[in-house]
Amino acid sequence: MSSASPPPTREFTNPPNYQFPTHRLARVLRNPDKQPLVLVACGSFSPVTYLHLRMFEMAKDYVRQNTDFEVVGGYLSPVSDQYKKPGLLSAHHRVNMCNLAAEQTSQWLMVDPWEAFQDYQRTAVVLDHFDYEINTKRGGIELPDGTRKPARIMLLAGSDLIATMSEPGVWSEADLDHILGRYGVMIIERAGADMDQAIDSLSRWRHNIHLIHQLVQNDVSSTKVRLFLRRGLSVRYLLPMPVVDYIEEHGLYRDDGPTASAASGAIAAEKEKGKEKEDAAATASSSCSSS
Ligand SMILES: Nc1ncnc2c1ncn2[C@@H]1O[C@H](COP(=O)(O)OP(=O)(O)OP(=O)(O)O)[C@@H](O)[C@H]1O
Ligand SMILES: NC(=O)c1ccc[n+]([C@@H]2O[C@H](COP(=O)(O)O)[C@@H](O)[C@H]2O)c1
């Protein structure tokens with residue numbers, strides 16, 4: 001595998017009753033000459049749209065035509081509520097909608113609720129968690145001869161997300177090196193976010209960055225869907241029907257929902273976590289000094 005270092009050995013803290021979903025992970029690699037690949041899309045998914053699902057299909061076609069990988073699994077990983085991005089509905093509803101979309105429209109996509117149901121986790125840590133579950137715990141993917149091969153974990157993202165990697169303060173240099181150096185990324189072109197510009201400052205990791213052009217331009221976004229819902233407009237055929245039904249049944253997105261500061265969700269969530277740690281340390285030291 002091209003990851004230089006071995007898969008993580010440290011244990012990860014899981015949310016209560018958590019089980020890593022593997023029901024659609026390929027059990028055996030079809031072509032033993034290929035390297036197994038697991039695609040992971042991190043995001044808000046508030047709500048999940050057809051474009052989120054379509055990103056996986058575009059990536060799968062790209063992989064088959066241009067690489068020596070074989071896709072063995074695809075995961076949506078909804079972000080924690082602590083991300084506090086505007087329009088972020090509760091993780092409970094976001095995970096339910098992603099599950100409806102994956103289970104009812106796809107044969108291979110899964111939803112991993114690991115990051116959704118706990119404190120905010122940086123994307124580098126989320127990818128480590130996948131590496132741990134698939135490579136450390138399961139020993140990778142089985143080959144037809146019964147031996148096993150480690151799977152490459154790779155981030156799947158739109159070019160707007162990758163563009164934020166050049167914005168100061170959003171991603172740490174160490175995390176960028178970990179994500180792009182160890183795992184790599186498949187970038188789906190997104191209208192309004194220039195791909196070449198997005199990766200300009202990431203050229204050091206160019207060998208691990210795959211650019212995928214959208215042959216049929218589709219610029220649906222969760223923001224537009226939320227806007228339509230607030231205005232009472234139809235969102236049919238922008239999202240899978242079971243998700244539209246779920247939104248109607250639960251009366252979701254009728255108002256503006258939670259708002260956040262202008263700071264990026266990741267920065268805000270990391271700051272919040274730092275503050276909680278400081279508060280906890282202060283409480284601990286005051287209880288020590290008072291005892
Ligand atoms: N139309 C699109 N084209 C390409 N990538 C997309 C598109 N919509 C979403 N993505 C990608 O999907 C991932 C998850 O994104 P996210 O849940 O933040 O969706 P979003 O539609 O951008 O949300 P919001 O509108 O709430 O900001 C990100 O990597 C994002 O770049
Ligand atoms: N430093 C980081 O790890 C970092 C920074 C910005 C966004 N992200 C992730 O990107 C995903 C999508 O973010 P947005 O919805 O804000 O585009 C989220 O899953 C978020 O956790 C991670």
Quick one, Arg122 with Glu115, criterion salt bridge (charged side-chain N to carboxylate O under 4.0 Å, His left out). Give me CA distance, side-chain angles, the key distance, then yes/no.
CA-CA 9 Å; Arg122 294 170 358 259; Glu115 60 165 323; over 6 Å; no
Applied to residues 192-209, the salt bridge (Lys or Arg N to Asp or Glu O under 4.0 Å) test, sequence neighbours excluded, yields Glu173-Arg204
(request) For the pair Asp68 (side chain) and Lys34 (backbone), establish whether a donor and an acceptor sit closer than 3.5 Å, ignoring hydrogens and angles. (result) no
Have His129 and Asp112 got a donor and an acceptor in their side chains that come within less than 3.5 Å?
yes
Do any side-chain atoms of residues 38-47 form donor-acceptor pairs under 3.5 angstrom with protein atoms, and if so which ones, sequence neighbours left out?
| residue | atom | partner | partner atom | Å |
| --- | --- | --- | --- | --- |
| Ser46 | OG | Gly87 | O | 2.7 |
| Ser46 | OG | Leu89 | N | 3.1 |
| Ser46 | OG | Tyr253 | OH | 2.9 |

Residues at least two apart in sequence or cross-chain that pass salt bridge (Lys or Arg N to Asp or Glu O under 4.0 Å) with Arg138, listed by chain then number, are Glu133
Exercise for review: Keeping the roles fixed (side chain from Thr164, backbone from Glu167), state whether a donor-acceptor pair exists under 3.5 Å.
Suggested key: no
Ignoring hydrogens and angles, tell me if any N or O in the side chain of Gln214 forms a donor-acceptor pair with the backbone of Glu189 under 3.5 Å. yes
Note to self: What I want to find out is whether Glu248 reaches Arg254 closely enough, with some N-O distance under 4.0 Å, to be called a salt bridge.
What the structure shows: no
ask   = Below 6.0 angstrom between ring centroids: does that apply to Tyr18 and Phe117?
value = no
Open item on the list: Salt bridge or not between Arg182 and Asp177? Use side-chain N to carboxylate O under 4.0 Å.
Closed with: no
* Asked: Mind checking whether Trp114 and Phe12 have side chains closer than 4.5 Å, heavy atoms only?
  -> yes
query: Side-chain donor-acceptor pair under 3.5 Å between Tyr246 and Asn96, yes or no?
result: yes
